[in-house]
Amino acid sequence: ELASPDSIQPICPWRCHGEPGGLRAERSAGSPSRTGLSAIFDACQRPRCLAGANCLKESMTLTQLPGAPHIAYHGSQLWIEGVRLRDLARVHGTPLFVYSKASMLSALAAYQRGFTGRNVQICYAMKANSTLGVLQVFAQAGCGFDIVSGGELQRVLTAGADASKVIFSGVGKTRDEMRQALESGIGCFNVESEAELEVLNEVAQSGARQAPVSIRVNPNVDPKTHPYISTGLKGNKFGIAHERAQATYQRAAALPGLRVVGIDCHIGSQITEEGPYLDAMDRVLDLVDAIEASGISVRHLDFGGGLGINYNGESPPGADTLWSHLLQRLDARGYGNRQLMIEPGRSLVGNAGVCLTEVLYLKPGEQKSFCIVDAAMNDLPRPAMYQAFHQIVPLERQDGALTTYDVVGPVCESGDWIGRDRALHVRPGHHLAVLSAGAYCMSMASNYNSRGRAAEVLVDGTTVHLIRRRETAIDQMQG
């Protein structure tokens, strides 16, 4: 049985010596009153709490946690929406991925605010997290989807997506995948090479169809991100070189199996500045000027996704702020009335998810001390693959001396680490939360070392949905 939100005792999240002037959050049947909590937080922004106590403002404050306010401490306990995470670990076991529906919809709402009054299709880039329960949240919210494989197409259709709102990206589409997408009636193929253009034309003609296409242009703009997730430079495998784009459009317009509908550009992921977006937009619009001057109509403009999130103090612009500025540039260039497409992924789900893990052993060493947990690189591949940082916090804060550990998993690889040099007060049996685990974690999970993939739950207020059961060894061995 999960704890009721009525049991929350929302005192100052910075653990002041006293409660702030009797300001307790009012509670309803649903969850703690936002108004009441806000009053507490506002009070604690002052030099002293209303109660007159010295505010400690420890390092793990609620406002500093990625995922706040949907993932937050109430007293000493870490909660996701109206559910205590410690209870989820007890009921469902660990490793366990937990997602906040409210967080996803709040992130989506920021984009929707930015596009008020515009003709825009938001297509969730499902490679970030392709779990069916997550896809259903966005399908029910009216989103389209950006896919990169036939398997992803099957997933979004199973989740209830409208095929006409699906965009098919990716550099290696097979003939079978093209055929499958055409028969499903997807909205657009983002073509990434001149060779792909010819093959798609053949496949479409063989089925007496016409494929709607946009050309993905590589604008040679540096997104200032990790090289593995940079996609808009000349040295990257994605898209067609800016210098070849106009000739490619002319070829596409001449092929009978194709129908040119748009232009596409996606320069990378975990972008935290506006500048690269503005540079890429200008280069794309310069191309549109030239393409349309040659008599080819470009109906929609697709500017991809890539907006970053806060993992460790990064401060990317809000989606609404970013697009307010981009739309000003678009209006100034005379393209404000065009249909727009965008493909956000990480920014919609990244901070909506956490991975819960149990501490198995503490292993002191001469050079390093290790906190060995039951989650591993097969569950959370980003640190091993990208040297990525995730905050790691306890499900229950306790007083005590901090020790610096490398947090590592059981996989037989020295690269199996979750976090380096983390100051923790833990012992075996304690539970930790790896934050910002909603994107590129479960979707990249594997069975390395024959480890089963983790269970996943979706939290909606005080309701918990098991959206993927834990994988067993028998599941892995089925033919």
Side-chain angles (χ1 to χ4, degrees), residues 66 78 85 88-89 92-99 127-131 225-229 269-270 309 311-312 346 349-351 353-395 402-457 468-473 475-477:
L78 188 61
L85 284 167
L88 292 180
H92 296 282
T94 56
L96 178 70
F97 284 92
V98 187
Y99 308 114
K127 60 183 176 289
N129 188 318
S130 57
T131 299
T225 188
H226 190 283
Y228 286 5
I229 51 177
S269 188
Q270 188 54 17
I309 63 171
Y311 285 102
N312 187 32
R346 185 194 312 265
V349 296
N351 278 331
V354 299
C355 180
L356 308 186
T357 184
E358 181 180 347
V359 177
L360 300 178
Y361 306 103
L362 298 179
K363 183 178 179 180
E366 185 175 331
Q367 295 184 348
K368 285 274 188 180
S369 293
F370 298 97
C371 173
I372 303 169
V373 299
D374 64 357
M377 65 186 291
N378 73 298
D379 307 298
L380 296 157
R382 296 187 67 256
M385 181 171 286
Y386 306 121
Q387 294 75 52
F389 183 96
H390 290 265
Q391 289 196 35
I392 302 173
V393 299
L395 299 196
L402 300 177
T403 301
T404 299
Y405 295 103
D406 277 10
V407 180
V408 300
V411 161
C412 192
E413 294 276 353
S414 294
D416 178 27
W417 59 277
I418 310 301
R420 304 279 199 199
D421 298 323
R422 304 304 176 88
L424 298 168
H425 173 64
V426 290
R427 65 175 182 265
H430 282 184
H431 288 91
L432 301 171
V434 182
L435 304 183
S436 308
Y440 302 105
C441 291
M442 193 62 192
S443 64
M444 297 173 67
S446 75
N447 294 124
Y448 189 39
N449 285 189
S450 293
R451 287 170 52 87
R453 284 174 291 186
E456 296 174 279
V457 298
R468 188 202 296 262
R469 66 177 177 83
R470 189 172 306 281
E471 192 175 39
T472 67
D475 293 331
Q476 296 181 53
M477 291 186 287

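We're numbering straight along the sequence, starting at 1.
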* To do: May I have the step-by-step check of side-chain contact (heavy atoms from CB on, under 4.5 Å) for Met444 and Met385, ending in yes or no?
  => CA-CA 10 Å; Met444 297 173 67; Met385 181 171 286; 3.3 Å; yes
* Test side-chain contact (heavy atoms from CB on, under 4.5 Å) on Leu435 and His390 and set out the steps. => CA-CA 6 Å; Leu435 304 183; His390 290 265; 5.9 Å; no
* Asked: Is there a side-chain contact (heavy atoms from CB on, under 4.5 Å) between Met442 and Ser130 once you walk through the steps?
  -> CA-CA 8 Å; Met442 193 62 192; Ser130 57; over 6 Å; no
* To do: Would you check, one step at a time, whether the test side-chain hydrogen bond (donor to acceptor under 3.5 Å, both in side chains) holds for Tyr311 with Gln391?
  => CA-CA 7 Å; Tyr311 285 102; Gln391 289 196 35; over 6 Å; no
* Does the pair Tyr99 and Asn129 meet the rule for a side-chain hydrogen bond (donor to acceptor under 3.5 Å, both in side chains), with working shown? -> CA-CA 11 Å; Tyr99 308 114; Asn129 188 318; 3.3 Å; yes
* Pair Cys371-Val359, side-chain contact (heavy atoms from CB on, under 4.5 Å): steps then yes or no -> CA-CA 7 Å; Cys371 173; Val359 177; 3.9 Å; yes
* Test salt bridge (Lys or Arg N to Asp or Glu O under 4.0 Å) on Lys368 and Asp421 and set out the steps. => CA-CA 9 Å; Lys368 285 274 188 180; Asp421 298 323; 2.8 Å; yes
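Under the 3.5 Å distance criterion, the side-chain polar atoms of Thr94 are left unmatched by any main-chain donor or acceptor of Ala89. A donor-acceptor pair is defined here as one N or O able to donate and one able to accept, closer than 3.5 Å; no such pair exists between the side chain of Arg451 and the backbone of Pro410. The backbone N or O of Ala376 lies less than 3.5 Å from a partner atom in the side chain of Asp379, making a donor-acceptor pair. Remark: side-chain polar atoms of Ser443 are paired, donor with acceptor, to backbone N or O of Ala128 under 3.5 angstrom. Checking side-chain atoms of Asn378 against main-chain N and O of Ser446 turns up a donor-acceptor pair under 3.5 Å. When atom types are taken as modelled, the side chain of Glu358 and the backbone of Pro95 share no donor-acceptor pair closer than 3.5 angstrom. Here the side chain of Asn351 pairs no donor or acceptor atom with the backbone of Gly438 at under 3.5 angstrom. Panel note: side chain Asp416, backbone Met377; a donor-acceptor pair is recorded below 3.5 Å. Of the possible donor and acceptor atoms, one in the side chain of Arg470 sits under 3.5 Å from a partner among the backbone N and O of His92.
Residues Leu432 and Leu424 are in side-chain contact: their nearest non-hydrogen atoms beyond the backbone lie under 4.5 Å apart. Contact annotation: the side chain of Val408 approaches that of Trp417 to within less than 4.5 Å [non-hydrogen atoms, C-beta and beyond]. Side chains of Leu362 and Pro428 form a contact here, defined as non-hydrogen atoms less than 4.5 Å apart. Between His431 and Pro394, the closest side-chain pair of non-hydrogen atoms is not below 4.5 Å. Contact of the Leu96 side chain with the Leu88 side chain is registered, since non-hydrogen atoms from C-beta on lie closer than 4.5 Å. Side chains of Phe389 and Arg382 form no contact here, defined as non-hydrogen atoms less than 4.5 Å apart. With a 4.5 Å cut-off on side-chain heavy atoms, Ile309 and Gln270 count as touching. Residues Tyr405 and Val426 meet the side-chain proximity criterion, which asks for heavy atoms closer than 4.5 Å.
In terms of heavy-atom proximity, Ser369 sits nearest to Pro364 at OG-CA, 3.6 Å. The two residues Cys412 and Asn449 come nearest to each other via the heavy atoms N-OD1, 3.0 Å. The nearest pair of heavy atoms linking Cys355 to Ala437 is N-CB, 3.8 Å.
Between the OH atom in Tyr361 and the CZ atom in Phe370 there is a gap of 16.0 Å [rounded to 0.5 Å]. Rounding to the nearest 0.5 Å places OG1 of Thr357 at 4.0 Å from CG of Asp374. Distance check: Arg453 CZ to Gln476 CD gives 8.0 Å after rounding to the nearest 0.5 Å. Rounding to the nearest 0.5 Å places CG of Asp406 at 11.0 Å from OG of Ser414. Interatomic distance, CD1 of Ile418 versus CD1 of Ile372, reported as 12.0 Å (0.5 Å rounding).
Defined by atom type and a distance below 3.5 Å, a donor-acceptor pair is present between the side-chain atoms of Glu471 and Asn447.
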